[in-house]
Amino acid sequence: MKKQIRALIAKPGLDGHDRGALIIAQALRDQGMEVIYTGLRQSPVQIAQAAIQEDVDVVGLSSLSGAHKSLFPKVVQALKDKGAEDIPVIGGGVIPAEDIPYLEDQGVAKIFTSGTPTEEIAKYIEKMVDPESSLVAAPKKIAHIGIAVKQLEAALPFYQDVLGLKLENVEEVTSEQVRVAFLKIGETRLELLEPLSEDSPIHQHIEKRGEGIHHLALEVDDISERLNQYKESGVALIHDTPKTGAHDSQIAFLHPKAGHGVLYELCQHSEKE
C-alpha cells in the first residue's frame with residue numbers, strides 16, 4: 001500500500017497573512033496527503049520542532065513578508081541542529097527569482113514562485129518522497145541551436161569562413177522534410193536547417209518570420225519517460241512520443257507556449273553517439 005505523505009506547512013517569522021499557505025495545505029490534502037499547518041508567526045526552531053514531533057516527510061514554508069532569505073535557511077539549519085536534516089524543506093510565496101539560487105545554496109530543496117499550479121507542488125513532493133518515483137533530471141546540456149536558412153550552400157560560407165566553424169556533416173531528415181548541416185562550437189553545435197519542400201515546418205517558419213533561430217535543442221536521457229511526466233503535468237507538447245531525428249537520435253518538440261515563446265526540442269542520442 002502506498003505510504004501516505006505527511007507534510008508540514010508553516011509561516012515563519014512575523015508574516016500575518018496565511019491565505020496562500022492555507023490554499024497549499026488544502027491542495028495537498030486534496031492529493032491525499034496528511035497536512036499539519038502550524039499557523040502564523042512561527043520561529044524556525046518551533047517549525048523544526050513541530051516537523052520532528054509530527055514525523056513529517058517534508059516541510060513547506062510560505063512567506064509574503066520579504067524575510068525569506070533569512071528565515072528559510074534558519075529553518076534548514078534548525079532541522080540540522082536537531083539531527084533532522086533528512087527532512088527536505090521547500091518554499092514559496094512572493095519570492096523574487098534572483099533570490100532562488102541563494103536559497104537553494106542554503107539547503108532549500110525547491111522554491112515555487114508565485115503562480116505555480118498547486119498540482120505541480122503536490123507532484124514534486126510525491127516524487128521527492130516516494131523512492132519508487134524519480135524526479136525529472138535537468139537537461140544535460142544544449143545539444144544544438146537550430147537555425148532556419150533558405151539554402152545551406154548560401155549560408156555555410158559565413159559559418160565556415162567568417163566564424164571559422166568546422167562542418168561536421170550534412171544529412172536529410174525525411175520526417176521533418178529538411179536538410180541539415182551541423183557545425184561544432186564548444187560542447188554544442190549549430191544546426192542549419194534548409195527546407196526540402198513547402199510542407200516542411202522550416203519552410204513555413206521562414207515564410208512567416210524569415211531566416212534565423214528556430215529552436216533550442218536540449219540533450220536529455222529517458223526522453224519517453226520525460227514526455228510522459230510533462231504530459232501528466234499539463235505541459236503543452238507538439239510531440240507526446242519521440243520521433244527519429246538527425247544522427248538517429250530520438251527527438252520531440254515542446255509547444256512554444258510552454259517555453260514562453262521559445263521552441264524547445266528534446267534530443268536523446270543513441271548509445272553509439
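Transitive grouping of hydrophobic side chains (ILVMFWY, heavy atoms separated by less than 4.5 Å) keeps Met128 and Leu8 in distinct clusters. Hydrophobic cluster membership is shared by Leu192 and Val170, with clusters built from Ile, Leu, Val, Met, Phe, Trp and Tyr side chains linked at under 4.5 angstrom. Val235 is connected to Val220 through a chain of hydrophobic side-chain contacts under 4.5 Å among Ile, Leu, Val, Met, Phe, Trp and Tyr, so both are in one cluster. No single ILVMFWY cluster, assembled from side-chain heavy atoms under 4.5 Å apart, contains both Val59 and Ile23. The cluster map of Ile, Leu, Val, Met, Phe, Trp and Tyr, joined by side-chain heavy atoms under 4.5 Å apart, puts Leu216 and Phe182 in different clusters.
The two atoms that bring Ala155 and Val149 nearest to each other are CB-CG1, 3.8 Å, heavy atoms only. Minimum interatomic distance between Ile95 and Thr113 (heavy atoms only, all atoms of both residues): O-CG2, 4.4 Å. Minimum interatomic distance between Ala7 and Leu28 (heavy atoms only, all atoms of both residues): CB-CD1, 4.1 Å. In terms of heavy atoms, Ala143 sits closest to Thr188 at O-OG1, 3.0 Å. The minimum heavy-atom distance between Met33 and Gln4, with the atom names listed, is C-NE2, 4.0 Å. For Ile238 against Pro256, the heavy-atom pair with the smallest separation is CD1-CD, 4.2 Å.
You'll find the side chain of Ile142 reaches within 4.5 Å of the side chain of Leu218, heavy atoms only. A 4.5 Å side-chain heavy-atom check between Lys80 and Gln77 finds at least one atom pair inside the cut-off. Contact of the Ile111 side chain with the His68 side chain is not registered, since no non-hydrogen atoms from C-beta on lie closer than 4.5 Å. Using a 4.5 Å cut-off on side-chain heavy atoms (C-beta onward), Val89 and Ile87 make no contact. When side chains are defined from C-beta on, Pro73 counts as touching Leu103, because their heavy atoms get closer than 4.5 Å. In this structure, Pro195 and Ile206 have side chains that are in contact, with non-hydrogen atoms separated by less than 4.5 Å. Within the 4.5 Å cutoff, the side chain of Gln106 has no heavy atoms near those of the Lys69 side chain. With contacts defined as side-chain heavy-atom distances shorter than 4.5 Å, the pair Leu61/Leu71 does not qualify.
Panel note: side chain Gln268, backbone Asp222; a donor-acceptor pair is recorded below 3.5 Å. In terms of modelled atom types and a separation under 3.5 Å, the side chain of Ser200 and the main chain of Ser197 share no donor-acceptor contact. At least one donor-acceptor pair closer than 3.5 Å links the side chain of His239 to the backbone N or O of Phe253. Counting only distance, with no hydrogens or angles, the side chain of Glu194 and the backbone of Leu152 share a donor-acceptor pair below 3.5 Å. One N or O on the side chain of Gln46 and one on the backbone of Ser43 form a donor-acceptor pair closer than 3.5 Å. Here the side chain of Ser114 pairs no donor or acceptor atom with the backbone of Gly93 at under 3.5 angstrom. Using modelled atom types, one side-chain atom of His255 and one backbone atom of Lys257 make a donor-acceptor pair closer than 3.5 Å.
Taking CD1 of Ile9 as the start and CD1 of Ile24 as the end, the distance is 7.0 Å to the nearest 0.5 Å. Here Gln42 contributes atom CD and Ile47 contributes atom CD1; the two are 6.0 Å apart, rounded to the nearest 0.5 Å. Taken to the nearest 0.5 Å, the SG atom of Cys267 stands 6.5 Å off from the CD atom of Glu219.
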Stepwise side chain to side chain contact (heavy atoms under 4.5 Å, CB included) test for Ile202 and Glu176:
CA-CA 8 Å; Ile202 297 301; Glu176 297 297 308; over 6 Å; no

The test is side chain to side chain contact (heavy atoms under 4.5 Å, CB included); show your working for Lys11 and Thr38 and say whether it passes.
CA-CA 7 Å; Lys11 297 281 292 185; Thr38 61; over 6 Å; no

Step by step, work out the side chain to side chain contact (heavy atoms under 4.5 Å, CB included) result for Gln26 and Thr118.
CA-CA 10 Å; Gln26 186 57 54; Thr118 55; over 6 Å; no

So Glu153 and Arg179, salt bridge (charged side-chain N to carboxylate O under 4.0 Å, His left out) or not? Walk me through it.
CA-CA 11 Å; Glu153 282 71 16; Arg179 184 166 166 248; 2.8 Å; yes

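Ion pairing of Lys141 with Glu187 is absent here, as no side-chain N (NZ or NE/NH1/NH2) approaches a carboxylate O to less than 4.0 Å.
Applying the salt bridge (Lys or Arg N to Asp or Glu O under 4.0 Å) test to every pair with at least one member in residues 203-215, sequence neighbours left out, gives no pairs at all. Counting only residues at least two apart or in different chains, salt bridge (Lys or Arg N to Asp or Glu O under 4.0 Å) contacts with residues 101-111 are absent. For residues 82-116, the pairs satisfying ring-ring contact (aromatic ring centres under 6.0 Å, His included) are Phe112-Tyr124, with sequence neighbours left out. Listed by first then second residue, pairs satisfying salt bridge (Lys or Arg N to Asp or Glu O under 4.0 Å) with a partner in residues 46-63 read Lys3-Asp57, Arg6-Glu54, not counting sequence neighbours.
Remark: Pro242 engages Ile223, Ser224, Leu227, Gln250 in a side-chain contact (heavy atoms from CB on, under 4.5 Å) (not counting sequence neighbours). Every residue was checked against the salt bridge (Lys or Arg N to Asp or Glu O under 4.0 Å) condition with Asp30, not counting sequence neighbours, and none meets it.
No more than 12 heavy atoms of other residues, nucleotides or ligands sit less than 6.0 Å from atom CD1 of Ile213. Within a 6.0 Å sphere centred on NZ of Lys82, other residues, nucleotides and ligands contribute more than 12 heavy atoms.
At a cut-off of 3.5 Å, with distance as the only test, no side-chain donor of Glu232 or Asn228 sits close to an acceptor on the other residue. Of the N and O atoms on the side chains of His144 and Glu265, at least one donor lies less than 3.5 Å from an acceptor on the other residue.
Tested against Gln229, the residues Glu225, Arg226, Lys231 include a single side-chain hydrogen bond (donor to acceptor under 3.5 Å, both in side chains) partner, Glu225.
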